[in-house]
Structures are given as structure tokens and as C-alpha cells.
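Beneath this line is the structure, given in C-alpha cells, with notes to follow.
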Amino acid sequence: MIRFERKNLRLAAAAAGLVLLGGVAALGLTRLGGGGDASVPAAGEREVLYWYDPMVPAQKFDKPGKSPFMDMQLVPRYADDAAGAAAGVRIDPALTQNLGVRFATVRSGTLDGDLNASAVVDYNERDVAVVQTRASGFVQRVYGRAPGDVIASGAPLADLLVPDWGGAQLEYLAVRRTDDAALIQAARQRLLLLGMPESLIAAVERSGRPRTTVTVTSPIGGVIRSLGVRAGMTVPAGLTLAEVNGLSTVWLNAAVPETLGGQLRVGRAVEVTLAAFPGERMTGRLIALLPEVASDSRTLTARIELRNPGGRLRPGMYGQITFGGSTTPALLVPSEAVIRTGQRNLVMLAAEGGRYQPAEVRVGREGGGQTEILAGLREGERVVASGQFLFDSEASLSGVEARPLDRAAGRAESASTPPIYRTSGRVQSIAGRSITLAHGAVPALQWPAMTMTFALAEPVKLDGIRTGGQVDFAFDMVGGKPTIRSLTRREAGQ
């Protein structure tokens with residue numbers, strides 16, 4: 001028992017020594033912290049800005065604890081980490097190399113103006129003839145026609161017996177024997193008003209006998225869309241016997257996305273390829289853009305007119321059309337570099353030191369695997385062209401904010417606005433869109449007075465400017481080439 005008590009006393013003494021040593025150490029740290037304020041981090045400690053859940057990095061907390069979103073502890077965000085996040089997220093270069101990440105440089109180029117769309121051949125609804133009766137009568141004969149038949153111009157459709165025409169024709173023949181020109185003309189006009197065709201009146205004049213049977217023919221060649229005449233029918237005046245649609249030209253109705261509708265202009269040429277004639281290219285013309293947009297597919301209908309020699313093109317055929325267009329300059333990036341979130345479009349910028357930052361962009365047209373950038377990037381910047389979703393996910397987890405549009409636009413504007421220099425001089429010669437001037441010194445460029453040739457910008461006019469005259473002008477040095485932006489004649493005495 002005595003030995004056990006002595007051992008316990010030795011352990012208690014050791015514990016008391018440790019407590020005393022801890023108190024001294026704590027006192028020393030308090031003094032180093034400055035006046036005993038425990039909330040201020042000591043030397044060597046990292047300053048915590050806030051705590052956050054890595055799965056919901058946008059939500060910030062002012063103290064540690066358990067995340068209300070996930071079954072995990074909140075993670076501190078240190079001040080030095082935040083400074084690094086402002087410049088983007090850093091990815092190990094070895095990792096990007098192993099993943100085969102590709103990069104692309106934002107460049108100025110030309111975007112192909114061609115636009116492709118699917119199309120279906122349809123009838124030309126402007127080439128339609130409606131065949132109607134001009135007087136009441138009876139159908140004596142039909143010619144075996146049916147809807148869908150292709151007929152030529154002048155093809156007979158039915159023979160009609162019109163009893164009312166007999167008496168008028170007999171009166172006309174009697175008047176002709178009087179040799180009274182006025183009466184003859186009046187009687188002939190009456191036959192026309194009764195609905196008799198000119199050919200039937202001429203046949204009555206030649207034969208001298210009335211003809212009450214007329215053959216109804218098609219005025220154009222094409223396909224019979226509808227046929228409403230049968231043998232033995234009684235037909236009233238104005239009844240539609242047939243509807244014939246011409247086939248000399250056809251329409252192609254193309255479904256064009258509404259976002260690309262602004263690029264189309266009526267009258268432009270269109271190249272057409274049909275599945276029925278592979279390898280054969282035809283040329284049509286855009287004649288109309290229909291005013292209604294399909295609500296289900298968000299497309300508008302472009303109507304193309306195409307010649308149809310031989311009637312080879314049949315309504316219902318499927319094809320592809322290409323709207324040819326001139327190339328236009330644009331700021332381009334590969335289409336695969338654009339991350340489309342549904343609410344905005346992003347690209348991953350590649351900076352020095354293996355750092356990456358998302359940047360918001362506004363995109364325009366697409367073509368040939370390239371996308372036009374309307375705002376958000378500057379020429380010469382590098383973007384991630386493949387594997388950008390890895391970088392975007394890492395940036396989201398690290399809380400890196402995307403570079404806004406206005407910041408890039410402001411930098412681009414300041415970088416793209418060249419300085420303007422002003423001076424005066426005497427015109428030595430004028431040749432086309434260039435002018436040679438003996439001008440004064442330009443201190444901003446450290447130029448002495450000298451004679452040199454300047455290019456003339458397109459808006460600059462040479463009205464009243466003559467060789468030997470004095471001028472005031474302003475110019476810039478875009479691309480190292482002096483270009484005059486304004487030019488005015490100096491009046492005598494100035």
C-alpha cells in the first residue's frame with residue numbers, strides 16, 4: 001500500500017508540472033498576439049475569412065461546424081487562398097499533359113456565311129389553274145382523268161352540253177346575214193357574255209350551224225390536284241370541275257432555326273441536293289421567309305423556288321439546302337471551347353503559371369467548327385479547347401468567380417482604341433486613296449517636319465483639296481501604317 005501511494009504521488013506531481021508548463025506557453029502566445037486579444041491570429045497562423053461547404057461553395061458561414069447541406073464539416077477559406085482564387089484556379093501542368101488538354105488562341109478570322117438546312121419539295125402554289133363551268137349544262141363525256149394524273153396544256157377534261165347557247169347562236173347567225181356591222185358586233189358580244197369561249201364562236205362562224213357542246217380543257221400543264229366532274233352530271237354555272245397545279249417550278253420549304261433567321265435575305269442563291277439524285281447540285285432562289293415560327297421546333301420556313309425541267313422533282317422529296325453567303329470578319333474560338341450552361345456561356349482562360357479562370361462570353365454565329373465571340377474575349381488570349389469541364393468543375397469547387405463581360409469589354413475597348421495625332425501640312429500629291437503631305441513635327445511620335453505618304457480612311461473626302469493647298473489633318477498608326485481619319489482644308493489667313 002505504501003509503494004502504491006508513493007507512485008500516485010509521483011504521477012500527480014508530473015501532471016501538475018505539465019499544467020504549469022502549458023499555462024506559461026499560453027501566456028507567451030497571448031503576449032505575441034498583441035495585448036491578449038485571442039481573436040487575432042498569432043504569427044505564423046493563417047487568417048480565416050469564412051467557412052464553406054465544398055459542394056456548395058457560394059454559401060459562406062462565419063464559424064466552423066457541420067454543413068447544413070451535406071454530412072460533412074465546413075472547410076475554412078484562408079486569406080491567402082482567396083488571393084490566389086482571384087487570379088483563378090491552378091491545375092498541375094503534369095495533369096493537363098496526361099489528360100491531353102488542348103488549347104486555342106482567340107483570333108480574328110472569317111466565319112463562313114453558309115447555312116445548311118433540311119427541306120421538302122412542295123407544289124408551287126402560285127402556279128395553279130381552276131377550271132370552272134361558264135354556264136349550266138350536262139356532262140356528256142369525260143376523258144378518264146383522275147386526281148394525280150399529269151396532263152399537258154390544252155388536255156380535254158369533259159364535254160358539256162349547254163342548251164341555253166343554241167338559241168343565242170341561231171340569233172347571231174341570223175344577224176350576220178343582215179350585213180349590219182353594229183348589230184353583228186352586238187350579237188357576238190352577247191355570246192361572249194353568255195360564257196362561250198372564243199374558239200367555239202369561231203367554229204359557229206365557220207360552220208354556219210349552232211354548236212351547243214363544248215369541250216372543257218386544262219389551261220396549263222401539270223398535275224390534277226382535284227377533279228369534280230363525272231359522266232351524266234348536271235352542272236350549274238361556276239362549278240369547279242378541276243384544279244390543276246403546274247410543275248414547271250416547285251417550292252422547297254426549308255426549316256431554319258429562328259436564331260439564324262436574321263442571316264437570310266430574300267433573293268439570295270441557294271444550292272440544293274436531293275436524296276433522289278445524289279451527287280447532283282441544283283440552284284434555286286430564296287423567294288420568301290414565312291412570317292410564322294413553328295412553336296414546337298422553333299424554326300421558321302424559308303421558301304425556295306426551283307426550276308423543274310422534265311418534272312423530275314416531285315412534291316414530298318427530301319433534300320438539303322445551302323444558303324451561300326459571303327464571309328465576314330469575326331473574333332473566333334473553337335466551338336468546343338464554349339461551355340453552355342443554359343443561363344450563360346463560359347470559356348476557360350489559360351493564364352501564366354498554370355492558372356485558369358472562367359470568363360463569361362456572348363456568342364454569335366457558328367460555322368466550320370468555329371464560334372463567333374461578340375463580347376467577353378480579346379484577340380490573343382488563350383482558352384481551353386478540350387477538357388474544359390474539368391477546369392470549370394475545379395473552379396466551381398474553389399469558388400472562383402467568372403470574369404464578367406464588362407471587364408473584358410472595357411479592356412478590349414481601351415486596347416483597341418488607337419491614339420489620334422494632329423498636325424498640319426501642304427499637299428504634295430494625291431493618288432487614289434493616298435495623299436502625300438509635307439507636314440509639321442509630331443512631338444508625340446518624335447517625328448520632325450518631313451514629307452510622307454498617308455492612307456486615307458474610307459469616310460475621308462477630298463472635296464476642295466488640291467495639290468499645293470494647306471490642310472489640317474488627324475491620323476493614327478493602326479498596324480504601323482499612318483492613316484488619316486479627318487482632313488480639312490486650311491483657309492487663307494489661318
Side-chain angles (χ1 to χ4, degrees), residues 119-169 188 191-207 209-253 272 274-277 282 284 287-288 303-319:
V120 178
V121 179
D122 199 359
Y123 290 105
N124 184 348
E125 296 293 343
R126 294 194 178 102
D127 188 12
V128 177
V130 177
V131 182
Q132 292 182 329
T133 59
R134 297 187 178 183
S136 58
F138 308 95
V139 178
Q140 285 190 326
R141 177 187 176 187
V142 293
Y143 289 84
R145 310 297 185 188
D149 288 351
V150 178
I151 58 176
S153 177
L157 298 175
D159 289 344
L160 298 182
L161 173 63
V162 185
D164 295 342
W165 286 354
Q169 291 175 3
R188 196 175 195 279
L191 298 182
L192 292 173
L193 294 176
L194 289 174
M196 297 182 196
E198 187 71 37
S199 59
L200 180 62
I201 297 175
V204 171
E205 292 173 344
R206 288 193 304 268
S207 63
R209 295 192 304 270
R211 298 185 60 176
T212 56
T213 301
V214 60
T215 300
V216 180
T217 61
S218 173
I220 64 172
V223 59
I224 299 176
R225 298 289 300 277
S226 65
L227 185 66
V229 58
R230 296 292 184 267
M233 286 179 58
T234 299
V235 294
L239 178 68
T240 298
L241 302 180
E243 182 178 329
V244 182
N245 210 133
L247 292 174
S248 59
T249 59
V250 293
W251 285 349
L252 281 86
N253 293 324
V272 180
L274 297 177
F277 309 103
M282 308 173 190
I287 61 172
R303 179 173 291 166
I304 298 97
E305 187 174 86
L306 190 64
R307 297 187 62 187
N308 186 22
R312 295 194 309 156
L313 308 183
R314 303 174 184 274
M317 284 183 172
Y318 176 81

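Scope of the values below: all heavy atoms of this structure, side chains included, with no hydrogens, waters or symmetry mates. Counting from 1, the numbers follow the sequence of the chain as shown.
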Query raised in the report: If you measure from CG on Leu200 to OG1 on Thr212, what distance do you get to the nearest 0.5 Å?
Result: 9.0 Å

Query raised in the report: Nearest heavy-atom pair of Asp164 and Ser136: which atoms, and what distance?
Result: OD2-OG, 4.1 Å

Query raised in the report: Is the closest side-chain heavy-atom distance between Met196 and Val214 below 4.5 Å?
Result: no

Query raised in the report: Taking everything shown except Arg211 itself, do over 12 heavy atoms lie less than 6.0 Å from its CZ?
Result: no

Query raised in the report: If we only count heavy atoms from C-beta on, is the Val121 to Leu252 side-chain gap below 4.5 Å?
Result: yes

Query raised in the report: What pairs with Ser218 under side-chain hydrogen bond (donor to acceptor under 3.5 Å, both in side chains), at least two apart in sequence or on another chain?
Result: none

In a table with atom names and distances, give each donor-acceptor pair under 3.5 Å that connects a side chain of residues 312-319 to protein atoms at least two apart or in another chain.
{"from": "Arg312", "atom 1": "NH2", "to": "Glu280", "atom 2": "OE2", "distance (Å)": "2.7"}
{"from": "Tyr318", "atom 1": "OH", "to": "Gln320", "atom 2": "NE2", "distance (Å)": "2.9"}

**Report entry** Within-4.5 Å side-chain heavy-atom neighbours: Thr213 and Leu161
**Finding:** yes

Query raised in the report: Mind checking what makes side-chain contact (heavy atoms from CB on, under 4.5 Å) contact with Arg230, not counting sequence neighbours?
Result: Leu227, Met233

Query raised in the report: For Pro156, does its backbone N or O pair with a side-chain atom of Arg145 as donor and acceptor, under 3.5 Å?
Result: yes

Query raised in the report: Of Arg206, Arg188, Gln169, which is the lone residue that meets side-chain contact (heavy atoms from CB on, under 4.5 Å) with Ile201?
Result: Arg188

Report task. Sort out for me which residue in Asp127, Leu247, Val128 forms a side-chain contact (heavy atoms from CB on, under 4.5 Å) with Ile220. Result -> Asp127

**Report entry** Atom pair OG1 (Thr249) and CZ (Arg307), whose distance is rounded to the nearest 0.5 Å
**Finding:** 9.5 Å

**Report entry** Closest non-hydrogen atom pair, Trp251 against Tyr123
**Finding:** CE3-O, 3.4 Å

**Report entry** Side chain Asn245, main chain Asn124, donor-acceptor under 3.5 Å
**Finding:** yes

Report task. Using a 4.5 Å cut-off on heavy atoms from C-beta on, say whether the side chain of Leu192 contacts that of Glu198. Result -> yes

Requested in this report: State, to 0.1 Å, how close Arg209 and Val204 come at their nearest heavy-atom pair, and which atoms those are.
Outcome: O-CG1, 3.7 Å

**Report entry** Within-4.5 Å side-chain heavy-atom neighbours: Val131 and Pro219
**Finding:** yes

Report task. Answer yes or no: is there a donor N or O on one side and an acceptor on the other, between the side chain of Thr133 and the main chain of Pro236, under 3.5 Å? Result -> yes

Report task. Compare every heavy atom of Pro197 with every heavy atom of Trp165, then report the nearest pair and how far apart it is. Result -> CH2-CD, 4.2 Å

**Report entry** Heavy-atom check, side chain of Val162 versus side chain of Arg134, under 4.5 Å
**Finding:** no

Query raised in the report: How about Thr215 and Asp159: does a side-chain donor come under 3.5 Å of a side-chain acceptor?
Result: yes

Query - Heavy-atom side-chain proximity of Leu241 to Leu157 below 4.5 angstrom - result: no

Requested in this report: With the side chain counted from C-beta on, respond yes when Leu160 and Val139 share a heavy-atom pair under 4.5 Å apart, and no when they do not.
Outcome: yes

Query raised in the report: With the threshold set at 4.0 Å, does a side-chain nitrogen-carboxylate oxygen contact exist between Arg126 and Glu305?
Result: no

